[in-house]
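Right, one structure below, let's go through it.
We name chains A, B, ... by the order of the sequence lines, and we start the count at 1 in each one. All values reported here derive from a predicted model rather than from experimental measurement.
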Amino acid sequence: MVKDFSVVLEPLPPFSLALTAGNLTYFQGRVGADYFENGTYRRVLQVDGHAALLSVNDIGSVDEPRLHVRVSAENLLQSEALCAIETCRHMLAMKTDLKPFYDRVTRDSILAALTKPLRGLHPPCVPTVYEGLVFAICGQQIASTVARHIRTLIVNRYGDPFTVDGSVYRSFPSPQQLLDVGLEGLLAVKLSGRKAEYIRGIALKAAKGELDMSSLSVLTDQQIVEHLDALRGVGNWTAEWVLLRAIGRQDVFPAGDLALRRVLSKEYFGGQDISEDEARRYAERWTPFRGLVTAYLFAAQRLQK
DNA sequence: AGCCAGGCTCTCG
DNA sequence: CGAGAGCATGGC
């Protein structure tokens with residue numbers, strides 16, 4: 001039978017679940033394995049090979065945040081629940097301190113205006129390097145709406161279901177699950193032949209335990225990029241994406257990203273095209289908060305749509 | 001209809 | 001080396 005384990009967590013203020021989980025789901029209720037409906041953020045995690053449902057509610061305020069976190073699973077062990085909760089902390093970036101960043105942006109009127117309606121937004125992460133890589137590869141080159149569609153297809157087709165109150169939530173498939181569906185299975189979710197190969201390669205490495213978060217997170221940003229760049233299908237863009245959105249590094253500016261350059265161009269260069277080098281150089285002024293700037297620029301753009 | 005989208009690899013000069 | 005083609009799909 002399904003058991004529950006609950007805790008109340010206090011993320012570093014200011015913290016807004018509406019913005020943090022909303023941004024994660026593109027303010028659309030659901031993307032891939034992330035669900036945010038009626039104020040509850042949900043995500044099915046695979047802990048020791050079986051599915052556990054994480055449900056998070058905000059029972060505090062932006063300045064005194066208190067999150068009610070529940071883990072539900074068949075025959076849930078306390079150790080597994082604690083593991084899921086630790087993952088939750090990481091995913092919602094609960095330990096990220098926004099105050100120094102907010103202090104810094106007061107000197108930049110454009111960022112000050114952009115961040116104001118986003119107060120309490122923490123830059124969210126996916127739970128594993130493996131998921132980050134697969135996620136990012138899905139998004140290479142194609143429009144972000146198409147990428148989201150493909151990510152959701154992968155989860156719908158191959159993720160573990162978890163049913164509660166008649167609603168089905170699905171996990172992101174494990175490396176083994178993606179290996180089991182074969183190249184055909186990946187093609188069936190509208191990936192290109194090439195991306196299917198990349199993702200299969202990534203899943204193979206991950207299944208062998210070669211993409212461990214703990215072994216990567218001791219390295220410097222640069223070392224991680226070099227490490228990931230060696231994987232087939234992974235270039236600088238994908239590696240930086242993983243640094244930001246899986247490992248949670250704070251000072252990365254993925255200037256190769258076309259969409260990011262466009263926001264930067266719109267806000268700071270009167271809409272004229274800028275090169276990757278120009279973008280990277282311009283962003284140096286935001287050290288050591290370049291990752292937060294990236295997250296806020298994207299979030300601002302998402303809210304406008 | 002055709003072109004472009006939150007890149008990467010491989011192949012040629 | 002540096003430039004350029006090919007990839008797959010949905011939206012505009």
Side-chain angles (χ1 to χ4, degrees), chain A residues 23-28 30-32 34 114 121 123-126 131-157 181-205 211 224-249 252-269 271 273-280 282-283 290-305:
Chain A
N23 182 53
L24 193 54
T25 51
Y26 290 74
F27 304 100
Q28 316 240 323
R30 177 200 174 181
V31 173
D34 292 302
L114 281 178
L121 168 69
C125 284
V126 298
E131 181 176 331
L133 284 167
V134 174
F135 215 97
I137 288 171
C138 286
Q140 286 173 1
Q141 162 62 18
I142 57 176
S144 63
T145 51
V146 179
R148 255 147 41 206
H149 184 215
I150 292 176
R151 290 161 181 162
T152 302
L153 268 180
I154 291 177
V155 169
N156 281 349
R157 294 275 281 254
V181 304
L183 279 178
E184 321 80 73
L186 297 177
L187 295 176
V189 290
K190 306 187 177 182
L191 289 160
S192 66
R194 202 93 108 205
K195 285 185 183 175
E197 287 171 20
Y198 300 160
I199 287 174
R200 194 173 163 76
I202 299 294
L204 213 51
K205 291 248 182 206
L211 295 173
I224 296 172
V225 169
E226 282 167 19
H227 192 88
L228 296 176
D229 194 52
L231 301 168
R232 183 153 185 269
V234 179
N236 197 59
W237 179 87
T238 305
E240 292 194 280
W241 198 98
V242 168
L243 271 183
L244 281 170
R245 295 288 320 276
I247 302 176
R249 291 292 161 97
V252 182
F253 194 80
D257 187 299
L258 187 53
L260 180 59
R261 275 212 307 277
R262 277 200 311 237
V263 188
L264 190 66
S265 153
K266 175 173 166 247
E267 301 293 342
Y268 289 89
F269 292 85
D273 283 350
I274 50 174
S275 71
E276 178 169 350
D277 276 353
E278 287 174 302
R280 210 175 282 282
Y282 194 83
R290 285 175 286 188
L292 286 168
V293 173
T294 301
Y296 275 74
L297 287 175
F298 276 133
Q301 182 221 27
R302 264 171 222 184
L303 267 182
Q304 280 172 15
K305 288 193 180 172

When you look at A:Val242 and A:Ile224, which way does the side-chain contact (heavy atoms from CB on, under 4.5 Å) test go after all the steps? CA-CA 9 Å; A:Val242 168; A:Ile224 296 172; 5.7 Å; no
Where do A:Leu243 and A:Val225 land on the side-chain contact (heavy atoms from CB on, under 4.5 Å) test, with the steps shown first? CA-CA 8 Å; A:Leu243 271 183; A:Val225 169; 3.6 Å; yes
When the [atom1] atoms of [N] and [M] are considered, how many whole Å apart are they?
{"N": "B:dT11", "M": "C:dA8", "atom1": "P", "answer": "15 Å"}
{"N": "B:dA1", "M": "C:dG11", "atom1": "C1'", "answer": "13 Å"}
{"N": "B:dC4", "M": "C:dG4", "atom1": "P", "answer": "15 Å"}
{"N": "C:dA3", "M": "B:dG6", "atom1": "P", "answer": "24 Å"}

Distance check needed: [N] [atom2] versus [X] [atom1], whole Å only.
{"X": "A:Ile150", "N": "C:dA8", "atom1": "CD1", "atom2": "P", "value": "11 Å"}
{"X": "A:Lys190", "N": "C:dG11", "atom1": "NZ", "atom2": "P", "value": "9 Å"}
{"X": "A:Ile142", "N": "C:dG10", "atom1": "CD1", "atom2": "P", "value": "9 Å"}
{"X": "A:Leu187", "N": "C:dC7", "atom1": "CG", "atom2": "C1'", "value": "12 Å"}

How close do A:Leu211 and A:Leu231 get, counting heavy atoms only, and between which atoms? CD2-CD1, 4.0 Å
Using a 4.0 Å heavy-atom cut-off across all strands, classify [X] as base, sugar-phosphate, or nothing.
{"X": "A:Arg302", "result": "base"}
{"X": "A:Leu258", "result": "sugar-phosphate"}
{"X": "A:Leu297", "result": "nothing"}
{"X": "A:Arg262", "result": "sugar-phosphate"}
{"X": "A:Phe253", "result": "nothing"}
{"X": "A:Gln140", "result": "sugar-phosphate"}

Salt bridge or not for A:Arg232 and A:Glu197, using N-O below 4.0 Å?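 Looking at A:Glu197 together with A:Arg232, the answer is yes, because their closest N to O distance falls below 4.0 Å.
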Find which nucleotide of DNA chain B each of A:Val146 and A:Asn236 is nearest to by heavy atoms, and output the residue with the more 5' nucleotide.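 Its nearest nucleotide being more 5', the pick is A:Val146.
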Map A:Phe298 and A:Arg232 onto DNA chain B by nearest heavy atom, then report which one ends up closer to the 5' terminus.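 The 5'-side residue here is A:Phe298.
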Minimum side-chain heavy-atom gap A:Leu260-A:Phe253 below 4.5 Å: yes
With a 4.5 Å cut-off on side-chain heavy atoms, are A:Phe269 and A:Glu278 touching? no
Steps toward side-chain contact (heavy atoms from CB on, under 4.5 Å) verdict (A:Leu133, A:Thr238): CA-CA 7 Å; A:Leu133 284 167; A:Thr238 305; 4.1 Å; yes
Determine: side-chain N/O of A:Lys195 to OP1/OP2 of C:dC7, distance under 4.0 Å, yes or no.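 For C:dC7, neither OP1 nor OP2 has a side-chain N or O of A:Lys195 closer than 4.0 Å.
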So which nucleotide does B:dA1 pair with, by the Watson-Crick or G-U wobble rule with both distances under 3.5 Å? none
5' to 3' contact window, DNA chain B with chain A (heavy-atom distance under 4.0 Å): B:dA5 to B:dC10
Mind checking what makes side-chain hydrogen bond (donor to acceptor under 3.5 Å, both in side chains) contact with A:Thr294, not counting sequence neighbours? none
